[in-house]
Amino acid sequence: MVKNKKIPLETFLETRERVLTHWHTGSDEALDFEHAVERLKSVPEEKDLAKKLRWAKEEGKTLTQPRAGVALIDDHIELLDYLSKEGEADLLPTTIDSYTRQNRYSNAEDAIKESKKKKRSLLNGFPAVNHGVKGCMKVQDAIDKPIQARHGTPDGRLLSEIIHASGGTSNEGGGISYNLPYAKSISLEDTIRYWQYVDRLVGYYAEAGIEINREPFGPLTGTLVPPSISHTIAIIEALLAAEQGVKNITVGYGQCGNVVQDIAALETLETLTNYYLKLFGHEDVFVTTVFHQWMGGFPSDESKAMGIISLASTVATLGNATKMITKSPHESAGIPTKEANAEGLKASKIVTGLLEEQTFAHSRPLEREKELIKKEVNALLYATLNVGKGDFAQGVIEAFKQGVLDIPFAPSERNMGKILPARDEEGHIRILEFGNLPFDDHIKSYHERALKRRARKEGRDVSFQMTIDDIYAVSRGKLVGHTLKKEQTT
Amino acid sequence: MVKNKKIPLETFLETRERVLTHWHTGSDEALDFEHAVERLKSVPEEKDLAKKLRWAKEEGKTLTQPRAGVALIDDHIELLDYLSKEGEADLLPTTIDSYTRQNRYSNAEDAIKESKKKKRSLLNGFPAVNHGVKGCMKVQDAIDKPIQARHGTPDGRLLSEIIHASGGTSNEGGGISYNLPYAKSISLEDTIRYWQYVDRLVGYYAEAGIEINREPFGPLTGTLVPPSISHTIAIIEALLAAEQGVKNITVGYGQCGNVVQDIAALETLETLTNYYLKLFGHEDVFVTTVFHQWMGGFPSDESKAMGIISLASTVATLGNATKMITKSPHESAGIPTKEANAEGLKASKIVTGLLEEQTFAHSRPLEREKELIKKEVNALLYATLNVGKGDFAQGVIEAFKQGVLDIPFAPSERNMGKILPARDEEGHIRILEFGNLPFDDHIKSYHERALKRRARKEGRDVSFQMTIDDIYAVSRGKLVGHTLKKEQTT
Amino acid sequence: MVSLHTVVIGVIGADVHAVGNKIIEHVLKEHGFNVVNIGVLSSQEDFISAAIETDADAILISSLYGHGEMDCKYMKENCVEAGLSHVKLYVGGNIVVGKQDFKDVEQRFKKMGFDRVYPPGSDIEEAARQLKEDLEQ
Amino acid sequence: MVSLHTVVIGVIGADVHAVGNKIIEHVLKEHGFNVVNIGVLSSQEDFISAAIETDADAILISSLYGHGEMDCKYMKENCVEAGLSHVKLYVGGNIVVGKQDFKDVEQRFKKMGFDRVYPPGSDIEEAARQLKEDLEQ
Ligand code: B12
Ligand code: B12
């Protein structure tokens, strides 16, 4: 039974032996800890993501980071180099392909060969496990900025081993956030265990004096996720990571669209994460935040996509996110060309540049929103701990089973999928169906009243149709679904 | 001696006879008042800019409007049609060419011929006077949305006659705002008289039951203009217009870049204009606001330009501007292609769509900024009235002579050009050299302290170099000039 | 009353994009179809067995993540082999990697035996009407 | 000490863009030039008489509003006629209508007799250095 307890070194090393046999690149001696530690210690400051985040936090910067990855090493280097120079990205990604995410390394191998033959990428990301430590080192050495692995891998153990041993100072993912939005039937028990391993690995390096950054995946399904739900999961993953010895954590959040709710979310994400880390005895964890530009459906018009990207950057900067994951004008169509990717980066960059010295003043609506988020997160965390009988690992498993935690639109069978979100008049994401969320009447009636106000304004009942309209709204240029109909008659 | 008094009908009609002889198209019988009134009365609602503004104000919309104009009628129609359909512009412009603005109609005639021959526009706008009422009617009839004349013409009398007689329901300009930023040596006495005529014409139509919108040009030189200065001029031009019988006025403001200052400016612009109109007895004037997207130098990178455009749209919408003049990604390079123009429009459109139901909460910094603007505007208006011995027309002339009013970077010899603006730490536009502005020590020391804080942070003295750095800053991706140097070392 | 048409829907391959799939189910039901939703991460076999079991009139495949072309290879042939040659075969979503000219993409998938091919962000209401037409011919 | 170089600057034609002009004056002065600024709305004749009067070494024309090509026609010829063939002739700003390929624009203006042509947003510090070089050859 998985528990939120630090994995003993021996158990970890035993498991490690097995993990390294999952694919032949696991046997590279560069994966011996002495080599890996040496390699990581030699990472220059400007390529060290953990350090760069400390710098950014101190300077009050909001860093930009795209998504990007292709099948072959040289092409991947060319792509990252372009995004660094032309796109002026502050941080770079190695986005991993879908086969690797599913541990289908032999499929990836075929696709690499095919890509070489056809001279174009047949993968939607970089197959880091297949390229092994050597291949990843080549990328690390060629690029002048910090690189982070970004994926969606339920079992990312071997992948993480290879990433770090090659000098990678940051890794995205978590046992919940890389399961429920990215899988159908794998159990939380398993993925929590896998990600405890990944965190333990980072903890191991920490003991060797190397700070590696870890980032739970904040936006989950990217679709009308109420902030308190994604916050709760981010905080739990931060706690799980800290328990394994992780010292540098970036918690994430995907743009909702209402400016006040977004800024309230960013502010509470940071304070709550710090609060709970300390509460559970993790005094020395350095916390930063990442804002994901709109994660739902995009409009197909590229100029409109640029409008959303820039609006997202405004919110990220005014909300003091430490970094921001950018989108591109190709978002609605497909994986962006490097040029389109750079366009999104540059629009984001100038907005952060123009706003970085400005502050978003506190106001009553902002405080109210923050209070609501805090209350909800407290309720969710309390209930999770409760059903876990004091243990967060067990709590999470049980909470999702009972629907005490519930993610809208998640594909996983482990998720109850009973809750339904919808927007209120001003576009705040509220909850229409609570399922089994452990909220008191006070909280519930706040949501209900907000949604009723909207429904009344639109002359309809509160219903699932509202949710559907809201899912489409942004791609059609509005935040709240109802305005779509209104517009047509003007 | 020009006074702020309604021009008697006879004087107006006498002047009119002369004005209509300035170019042969003035003799068109369509310019007879009976014809013109009939034409204006037949304008359908959806093409009526004055009505569209009333609708937008009621619905809380922020309308989009580009700049656009080419030499030939059919090309101009094609251009506007494209911006309407592909660009989704709510309002359209007829931007007038530079020859017409200088009343050089025979130069314009040559350029029209040349443009026909070369099959491309050799003018930077539409020569409405040369095309006459018939030509303008053709444009009006072909386009399904309201069109406004936008120019920069010190003497826009014949132009305005033609615009309105052809069914044009809105006209930009004013005796101060179309002189000092657009001319070198023409006197304020003259341009105020010319624009009183234009307003009187609108007043004449008002008496015939036709509401026409007038819009003082808000941004002036577009270069670090402190809000209180542009507000004061907008209010004075509104008062001068109201005196001549104008009932529908849109006051304008060009984006400063600091979000709080911009929203404070938009809010005070509306309340102060309404306040002073009422104070001086104009009870029934309908006031709206227009926000100009960044009017200073743009970056050459098109994605970055899109970032600025979208940020501007965010501020315009949250600040409840009734309309917004959009820029294009070609701004730094030259007059945009229709495609680039539509790109700016579409990015603006989606931002207004996403934000139109959101409100920008009031906060202490916002209130402080509003207070400052109000105090300054009051001081400037009071002093202007004072040097004008109770008359705003004379007051303006005298105020600019004495430097009691002063516009930064204006080319006109009628402007003292003694004041110097610069940004403070957070990018608010403050005043570094006050020249003869009639501000009390309280106001002055507020500005001085703000600029000193910035200077201290940068380890330099408060000086003109700060202004220069700020002029370049936005085109280099920052709001405050000092960060440019800081960036280079990181 | 006319008997209901049965349609199998799902998301093919290693693809987990679930949102569009849930909406498609909802809308098709509202249009009076009998909807069998096999969800995300479904293989060609999953689609085919569901269609056989439910005696379906059409299979609507979604693919969002970019590998649609690989995942749909020989789908038509496999349907025919399973005795489903009469079943309408639709595909939609972001079915290829990157932004490509849709005319080409459509051609490629039609050659592969699909009856209708839908570009990114297609209106599912419209598709429902076309499906009704196709099935009532 | 070396004697100061004199440069005439201004904005040609019906163009009122004043900001760049004021900054150019400031920067050239800081670089040790003797600057004669005739401001905006200046004609070719204004430039030429200023250059004659002040015995200038160079004329720096700004044009921002798009009609630069028309406004600068025969400027070189007129300079030569006025006995100013030795005076360096520079032009910069947004000298043509719309976004055009700068290589072409540069060629056109060089053919018209300009010694140096600067694209939109050129760094005036850099231009000051080039001017010094040109004048000290
Ligand atoms: C939300 C989202 C996610 C969420 C999904 C959550 C979930 N489990 O559902 C998360 C964050 C987890 C995610 C992950 C990934 N995503 Co994603 N995602 C999106 C996004 C932004 C919106 C999708 C969505 O929900 N739209 C709203 C619904 C209502 O619309 P829809 O899905 O398009 O479906 C409608 C229509 O297409 C149509 N339709 C769909 N199928 C069919 C079939 C038929 C027959 C018909 C008639 C109609 C039809 O009807 C539907 C209802 O209206 C899209 C980009 C976009 N569209 O803006 C990218 C996008 C689909 N994702 C993409 C990618 C690459 C990924 C990842 C591989 C990598 C990554 N970026 O992390 C992983 C994939 C994981 C996996 N193995 O599948 C790419 C696909 C690239 C390509 N095809 O070239 C896209 C296009 C983004 C991009 N431009 O890069 N994603
Ligand atoms: C501010 C501005 C205005 C203000 C000007 C206020 C004033 N009186 O100064 C106002 C609002 C009044 C205005 C009016 C118009 N403008 Co205007 N304006 C601008 C804008 C946004 C910034 C100009 C600026 O001040 N830049 C900052 C300074 C520091 O830079 P600069 O002017 O480029 O000068 C620097 C360099 O170019 C270089 N340089 C300049 N000259 C020279 C010469 C030499 C020899 C060298 C070496 C270097 C050099 O050094 C300078 C200092 O660093 C530009 C677009 C842009 N650049 O983003 C448009 C722009 C110049 N304007 C334009 C136009 C069309 C107009 C109008 C005709 C129409 C209109 N839109 O209303 C009127 C013109 C009126 C007239 N008759 O001239 C167009 C020109 C189009 C073209 N060339 O194809 C531009 C490019 C905008 C656009 N894309 O449409 N404008």
Side-chain angles (χ1 to χ4, degrees), chain A residues 70-71 97-102 104 107 110-111 114 120-125 152 154 179-186 221-224 296-302 328-337 340 407-413 415 417 420 464-465 467-469 471-472 475-476, chain C residues 9-31 37-43 46 62-73 92-106 108 118-128:
Chain A
V70 285
D97 71 289
S98 285
Y99 289 136
T100 302
R101 293 173 185 215
Q102 307 287 331
R104 298 204 213 154
N107 286 0
D110 293 345
E114 195 79 358
R120 65 181 171 91
S121 179
L122 290 175
L123 288 174
N124 58 10
N179 177 342
L180 305 183
Y182 285 101
K184 192 171 178 175
S185 48
I186 189 166
T221 57
T223 306
L224 299 177
F298 258 65
S300 59
D301 184 272
E302 297 194 13
S328 90
H330 283 183
E331 178 63 15
S332 88
I335 291 184
T337 57
I407 299 173
F409 304 103
S412 173
E413 292 157 359
N415 185 66
L420 273 185
F464 181 50
Q465 190 58 44
T467 311
I468 294 187
D469 291 343
I471 287 174
Y472 286 126
S475 65
R476 293 175 185 175
Chain C
I9 68 169
V11 187
I12 200 165
D15 192 337
V16 301
H17 290 90
V19 182
N21 171 260
K22 292 189 183 183
I23 295 188
I24 292 175
E25 172 173 349
H26 179 83
V27 173
L28 291 183
K29 280 183 176 162
E30 284 208 326
H31 276 259
N37 188 356
I38 61 171
V40 303
L41 289 170
S42 297
S43 63
D46 296 337
S62 292
S63 175
L64 282 301
Y65 73 149
H67 294 176
E69 209 167 340
M70 305 197 233
D71 296 335
C72 290
K73 239 181 196 168
N94 302 65
I95 56 181
V96 291
V97 177
K99 190 166 186 168
Q100 300 186 21
D101 182 44
F102 183 69
K103 281 265 153 289
D104 294 352
V105 175
E106 190 176 21
R108 253 139 64 201
Y118 293 86
S122 296
D123 185 5
I124 182 71
E125 300 274 353
E126 177 62 18

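By convention in this document, chain letters (A, B, ...) are assigned in the order of the sequence lines, proteins followed by strands, and residues within each chain are numbered from 1.
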Which region of [X], side chain (C-beta onward) or backbone (N, CA, C, O), has a non-hydrogen atom less than 4.5 Å from a non-hydrogen atom of chain C, or is it both or neither?
| X | result |
| --- | --- |
| A/A340 | neither |
| A/P181 | backbone |
| A/F298 | neither |
| A/E302 | side chain |
| A/R101 | neither |
| A/S332 | backbone |
| A/P411 | both |

So, [X] versus [Y]: side-chain donor-acceptor pair below 3.5 Å or not?
| X | Y | value |
| --- | --- | --- |
| A/N124 | A/S98 | yes |
| C/N21 | C/E25 | no |
| A/T100 | A/D97 | yes |

Test C/E126 against C/Y118 for side chain to side chain contact (heavy atoms under 4.5 Å, CB included), laying out the working first. CA-CA 11 Å; C/E126 177 62 18; C/Y118 293 86; 5.8 Å; no

Relative to chain A, which of C/G39, C/A18, C/G98, C/G93 shows the most heavy atom pairs under 4.5 Å? C/G98

Applying side-chain contact (heavy atoms from CB on, under 4.5 Å) between C/S63 and each of C/D15, C/V96, C/N94, report the one that passes. C/D15

Which bit of [X] is near chain A, if near means a heavy-atom gap under 4.5 Å: side chain, backbone, both or neither?
| X | result |
| --- | --- |
| C/I23 | side chain |
| C/H26 | side chain |
| C/K22 | side chain |

Nearest heavy atoms of [X] and [Y], plus distance in Å:
| X | Y | answer |
| --- | --- | --- |
| C/Y65 | C/A14 | OH-N, 3.0 Å |
| C/D46 | C/L41 | OD2-O, 4.2 Å |
| C/H17 | C/V11 | O-CG2, 3.5 Å |

